[in-house]
Amino acid sequence: MPLVARLLLVVAATLVGLLALEAGLRAKAAFEGRSFEEALASRPRIGADGRATLGQMIRATGDRRLYELIPGLRVNFTRARVSINVDGFRGALRSREKPPGTLRLLGLGDSVMFGWGVDDGLDYLSVLERRLAQQELGARWEIVNTAVPGYNTVMEVETLKHRGLAYAPDIVILGYCVNDLSLPQFVEAEPEVFSLRRSFLSDFARERLTRAGSEAAADDPFAEQARSVPDRYRDMVGIEAFSRAVTELRALGQQHGFDVVVLFFWSAPATIRRIVEPLGFRLVDTRVAMKAFLGREGLRELRGSALSLSREDSHPSALGHELIAESLYDGLREAGLFERARSRAALVPIAPVSALK
């Protein structure tokens, strides 16, 4: 067979293979792609064994920006015991009015702050609350964890406005993860599988290259996803939406008298730091303590270490949450935020809870 004919055959075979991959990815997207509303409408009920998926634990709110956890749930979720209180949050139920001599820390976050994959009481805010109860801080501290898996920063600030401010927080912790500029989970439009304006194979390749790009790619974590965002959600995603949300968060802090701390889980992109640093927020980078731990163990990767749930799931383990809680406590203490909150509330120093037992 002549060389030209062989080359043409190779090119044709390659094109057929690429077209087959494109068709396969489009079929996969058509099968898996469901909108938030469809996911809620078709979800099965929680079985007698109490095992639940995230889709079975949430409900719509009537606000396109938000969905919420179903109040009063007691389920097994990702092999962990999960309890949702009657206000729809994980953790102890708190009254709207703060008890005398009490200060509050309120968490805004997604699956990491929620405690994906760990039992009740093992998430880092619960660990922090127990630590606060043992310290001489001049006040009793309560924590309200409003985190919901899948949330991005815009949704978190909306949650603070609609629900969190009622708890009169003294310090607000904004948990940041690399996907917090992206389209929130369950708020996905059906993929246009017959459109010729995009290549599913090209998108797949870019996504894999982005994941492989480590911290350099994480500096603009939303860039490769922007084209697939439906128009009605564009104001909720990307760098500009994040900047608007945290700027509003600063204004809310000034108006309602609370300090803001941004806690970075593993990735602290330079782009994000450049936005939040001028706002005067305290920044806590958990990567420092985690890398030190991994170094002592002779490891380089978080995934698959004792700090993560598994090699397939990089959410922090119970040990990982303990390390995050320690980093957060140290950051709050070093910034003088405990004393600042007590002075702002003009509280008379009281004995810590541990001293009253």
Side-chain angles (χ1 to χ4, degrees), residues 33 35-36 54 58 63-67 107-114 116 146-162 164 172-189 191 198 202-252 260-279 281-287 302 314-316 324:
S35 68
F36 172 45
L54 180 57
I58 62 174
D63 182 341
R64 70 180 176 88
R65 293 175 177 264
L66 298 174
Y67 55 86
L108 304 175
D110 56 11
S111 57
V112 174
M113 182 182 286
F114 171 82
W116 181 287
T146 71
V148 178
Y151 268 18
N152 69 6
T153 303
V154 170
M155 300 177 83
E156 291 159 6
V157 174
E158 288 295 312
T159 297
L160 172 67
K161 289 161 55 179
H162 291 294
V172 168
I173 308 297
L174 177 68
Y176 178 84
C177 295
V178 70
N179 61 355
D180 281 355
L181 275 65
S182 303
L183 194 64
Q185 197 167 350
F186 297 111
V187 189
E188 299 179 355
R198 60 177 289 205
S202 177
D203 291 347
F204 177 82
R206 276 196 298 270
E207 179 185 354
R208 291 303 183 273
L209 289 173
T210 299
R211 289 183 182 179
S214 67
E215 294 179 14
D219 193 48
D220 190 1
F222 180 72
E224 294 300 331
Q225 305 173 37
R227 292 189 305 165
S228 62
V229 176
D231 290 341
R232 66 183 181 277
Y233 297 131
R234 284 194 178 275
D235 64 326
M236 299 173 61
V237 293
I239 291 290
E240 291 184 4
F242 174 85
S243 180
R244 287 194 301 270
V246 293
T247 300
E248 184 175 19
L249 179 58
R250 180 184 64 172
L252 290 169
V260 176
V261 176
V262 179
L263 183 140
F264 292 102
F265 172 65
W266 195 247
S267 176
T271 303
I272 302 303
R273 297 181 73 97
R274 286 195 293 268
I275 292 173
V276 297
E277 284 176 345
L279 299 177
F281 298 161
R282 172 70 180 183
L283 308 185
V284 176
D285 190 349
T286 62
R287 190 173 42 172
L302 172 67
S314 61
H315 282 93
I324 294 172

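Minimum interatomic distance between Asp180 and Gly175 (heavy atoms only, all atoms of both residues): OD2-O, 3.2 Å. When all heavy atoms of Glu156 and Gly109 are compared, the pair lying nearest together is OE2-C, 3.2 Å. Here the shortest heavy-atom pairing between Ser314 and Leu302 reads O-CD2, 4.1 Å. Scanning both residues, Arg287 and Trp266, for their nearest heavy atoms gives CD-O, 2.7 Å.
With hydrogens and angles ignored, the 3.5 Å screen pairs a side-chain donor or acceptor of Asn152 with a backbone N or O of Met236.
With sequence neighbours left out, the side-chain contact (heavy atoms from CB on, under 4.5 Å) criterion links Ser243 to Thr247, Ile275. Not counting sequence neighbours, the partners of Phe242 by the ring pair (Phe, Tyr, Trp, His ring centres under 6.0 Å) test are Tyr176. Residues passing the side-chain contact (heavy atoms from CB on, under 4.5 Å) test with Thr146, sequence neighbours excluded: Phe89, Leu106, Leu108, Val144, Thr159. Residues passing the ring pair (Phe, Tyr, Trp, His ring centres under 6.0 Å) test with Phe281: none are found, sequence neighbours excluded. With sequence neighbours left out, the side-chain contact (heavy atoms from CB on, under 4.5 Å) criterion links Arg244 to Asp235, Glu240, Ala241.
Taking OG1 from Thr153 and CG from Leu181, the interatomic distance works out to 6.0 Å, rounded to the nearest 0.5 Å. From Met155, atom CE reaches atom CD of Glu158 across 9.0 Å, with rounding to the nearest 0.5 Å. Distance CZ/Phe264 to SG/Cys177: 10.5 Å, rounded to 0.5 Å. In this structure, CG on Leu54 lies 6.0 Å from OH on Tyr67, to the nearest 0.5 angstrom.
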For this session: Could you walk me through whether His162 and Asp63 pass the side chain to side chain contact (heavy atoms under 4.5 Å, CB included) test, one step at a time?
Result: CA-CA 11 Å; His162 291 294; Asp63 182 341; 3.7 Å; yes
Problem set entry | Test log, rule side chain to side chain contact (heavy atoms under 4.5 Å, CB included), inputs Val154 and Tyr233 | CA-CA 11 Å; Val154 170; Tyr233 297 131; over 6 Å; no
Problem set entry | Evaluation steps, side chain to side chain contact (heavy atoms under 4.5 Å, CB included), between Leu66 and Tyr151 | CA-CA 8 Å; Leu66 298 174; Tyr151 268 18; 3.7 Å; yes
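Residue Val260 is tested with Ile173, Leu249, Leu279, Val276 for a side chain to side chain contact (heavy atoms under 4.5 Å, CB included); the sole match is Leu249.
Contact annotation: the side chain of Asp110 approaches that of Asn179 to within less than 4.5 Å [non-hydrogen atoms, C-beta and beyond].
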